[in-house]
2 protein chains.
Amino acid sequence: MRVSREKFAENREKILGVAGVLFREKGFESTGVAEIMKAAGLTHGGFYGHFQSKEDLALEVSRALIERVKIRWNEIITSAPNAPLDALLNHYLSRCSVDDPGGSCVFASLVQEVSRSQGAVRSTFNDGLSALVDILSEIVPGDSAQERRAKGFTTLSAMMGAVILARAVESRELSDNFLFTTRDALSPAKS
Amino acid sequence: MRVSREKFAENREKILGVAGVLFREKGFESTGVAEIMKAAGLTHGGFYGHFQSKEDLALEVSRALIERVKIRWNEIITSAPNAPLDALLNHYLSRCSVDDPGGSCVFASLVQEVSRSQGAVRSTFNDGLSALVDILSEIVPGDSAQERRAKGFTTLSAMMGAVILARAVESRELSDNFLFTTRDALSPAKS
DNA sequence: ATTATCTATAGATCTATAGATAATGC
DNA sequence: ATTATCTATAGATCTATAGATAATGC
């Protein structure tokens, strides 16, 4: 059944959208093409009219989601010129981040899986992480540029680690501790 | 081919050993039972004489590897009574940790995958993480017990995040930055 | 413990068709 | 407006591989 050019583009976006959610929720490997297409309201076979392979989709989704993280971070920073780091920490180290992996940071969901891979997806993640360090380096406190850059690395490590561990743990109390203790420790008010 | 009781136990240990390495290197899901048995020098079918299922193996491996992390940490702490935290940081935040996932901390390899699961493996990871926070709380600086406990959470987040990101990134320079900048920042000498 | 086999499921390919688009004709 | 062409889709099918089981052998 043929579909209009417009509908075709719409279907493609739908596939990218649901894949983005499912990949972040369940990982690349545990998410099947058939499952993605079903969630998009389409049939399995139709997938290959839009993408060459699952890997191809994974790459496009990765690029889009990483771009989104960078944009979101910049929005938050710009909208809170007095306390940009606090604003970012409040956003990133939140229960919302932890409880909705399908709608949150790609890295917090997929870094480990991607680390074990090679190729375009891994490179995209690499560049994305580097960009996040750069963003953090500009809003983090510190007397010199080197100090601030160093703090960019440590801050990203702590943020990512906290969300990952807050998700790993089963009790709400432990989870909150990873999340909010780290958030408070990273806040410029503290240091 | 029947095998002695002793050899049977030996084979079982071999399976647990290679599975521990392969799981940490490639993740639970991407490691097949046939692959594990081949690495152990046995045939696929023989697996089910030792374990009920792959999930059963994953649980036993997880328990053993988590126990090993706790033991290792305690050894390091005991062997450096003057600077236990520095000793632990030097061990954990090292290139060796980053470059040999198959021989390093289970959590740094598998937390994300386990976070997406439910059941016994997840609970085991939960308890293990909680135990690591407890260990850290006793060697971390701080004026009160609460402060030290808080520092236990933040320290574990930063350690785990740094190793995970140091593995994710492709360039050695970025990787070293995550690793050593975080190590230095967490050192009691600094704070 | 080995070997062969079973069943389920994954990614990917193929064929026919619906129906949108482009070319043609009035 | 009609006709021809093009193409995205559905749905069946293919191939490979996974975990698991059964039969066999020592």
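Keep in mind the model is a prediction, meaning the values are calculated, not measured. Below, chains carry the letters A, B, ... as their sequence lines are ordered, and counting in each starts from 1.
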S.K.: Is A:Glu60 salt-bridged to A:Arg12, cutoff N-O under 4.0 Å?
M.R.: yes
S.K.: Nearest whole Å is fine: how far is D:dA16 P from B:Glu35 CD?
M.R.: 19 Å
S.K.: Choosing from D:dT9, C:dT3, D:dA10, which nucleotide comes nearest the side chain of A:His50?
M.R.: D:dT9
S.K.: Over how many whole Å does the gap from A:Met37 atom CE to C:dA10 atom P extend?
M.R.: 15 Å
S.K.: When you check the gap from the basic side-chain N to the acidic O, do B:Asp143 and B:Arg148 get nearer than 4.0 Å?
M.R.: no
S.K.: Tell me: CD of B:Glu29 to P of D:dT17, nearest whole Å?
M.R.: 16 Å
S.K.: Heavy atoms under 4.0 Å, any strand shown: does A:Gly45 hit a base, just sugar-phosphate, or nothing?
M.R.: base
S.K.: So, does B:Ser137 use its side chain to make a donor-acceptor pair with the main chain of B:Val133 at under 3.5 Å?
M.R.: yes
S.K.: Any ion pair linking B:Asp99 and B:Arg167 (charged N to carboxylate O, less than 4.0 Å)?
M.R.: no
S.K.: Rounded to the Å, how far apart are A:Phe51 CZ and C:dT13 P?
M.R.: 16 Å
S.K.: Ignoring hydrogens and angles, answer whether the base of D:dA10 and the side-chain atoms of A:His44 contain a donor-acceptor pair closer than 3.5 Å.
M.R.: no
S.K.: State whether the side chain of A:Ser97 and the backbone N or O of A:Tyr92 hold a donor-acceptor pair below 3.5 Å, judged by distance alone.
M.R.: yes
S.K.: Nearest whole angstrom, please: distance from the C1' of C:dT3 to the CZ of B:Phe47.
M.R.: 18 Å
S.K.: Report which part of the nucleic acid B:Thr31 touches: base, sugar-phosphate, or nothing (heavy-atom distance under 4.0 Å, all strands).
M.R.: sugar-phosphate
S.K.: Can you tell me the distance, in whole Å, between the CG atom of A:Asp56 and the P atom of C:dT13?
M.R.: 12 Å
S.K.: Could you summarise the pairing of DNA chain C as dot-bracket text, marking Watson-Crick and G-U pairs under 3.5 Å with ( ) or [ ] inside the strand and | across strands?
M.R.: ||||||||||||||||||||||||..
S.K.: Distance from B:Arg24 atom CZ to B:Cys105 atom SG, nearest 0.5 Å?
M.R.: 9.0 Å
S.K.: Below 4.0 angstrom, which residues in residues 4-18 of chain A have at least one non-hydrogen atom near DNA chain D?
M.R.: A:Phe8, A:Asn11
S.K.: Any ion pair linking A:Glu35 and A:Lys38 (charged N to carboxylate O, less than 4.0 Å)?
M.R.: no
S.K.: Check for me, please, whether A:Ile135 and A:Leu156 land in the same ILVMFWY cluster - side-chain distances under 4.5 Å, paths through other members count.
M.R.: yes
S.K.: Checking contacts here: which listed nucleotide (D:dA10, D:dA20, C:dA1) is nearest the side-chain heavy atoms of B:Thr43?
M.R.: C:dA1
S.K.: Taking NZ from B:Lys54 and P from D:dA20, how many angstroms apart are they, rounded to a whole number?
M.R.: 8 Å
S.K.: Respond yes when some side-chain nitrogen or oxygen of A:Tyr48 is under 4.0 Å from OP1 or OP2 of C:dT13, and no when none is.
M.R.: no
S.K.: Which whole-number value in Å describes the distance from B:Leu57 CG to D:dA20 P?
M.R.: 10 Å
S.K.: Please answer whether the main-chain N or O of A:Pro101 pairs with a side-chain N or O of A:Glu25 as donor and acceptor at a distance below 3.5 Å.
M.R.: no
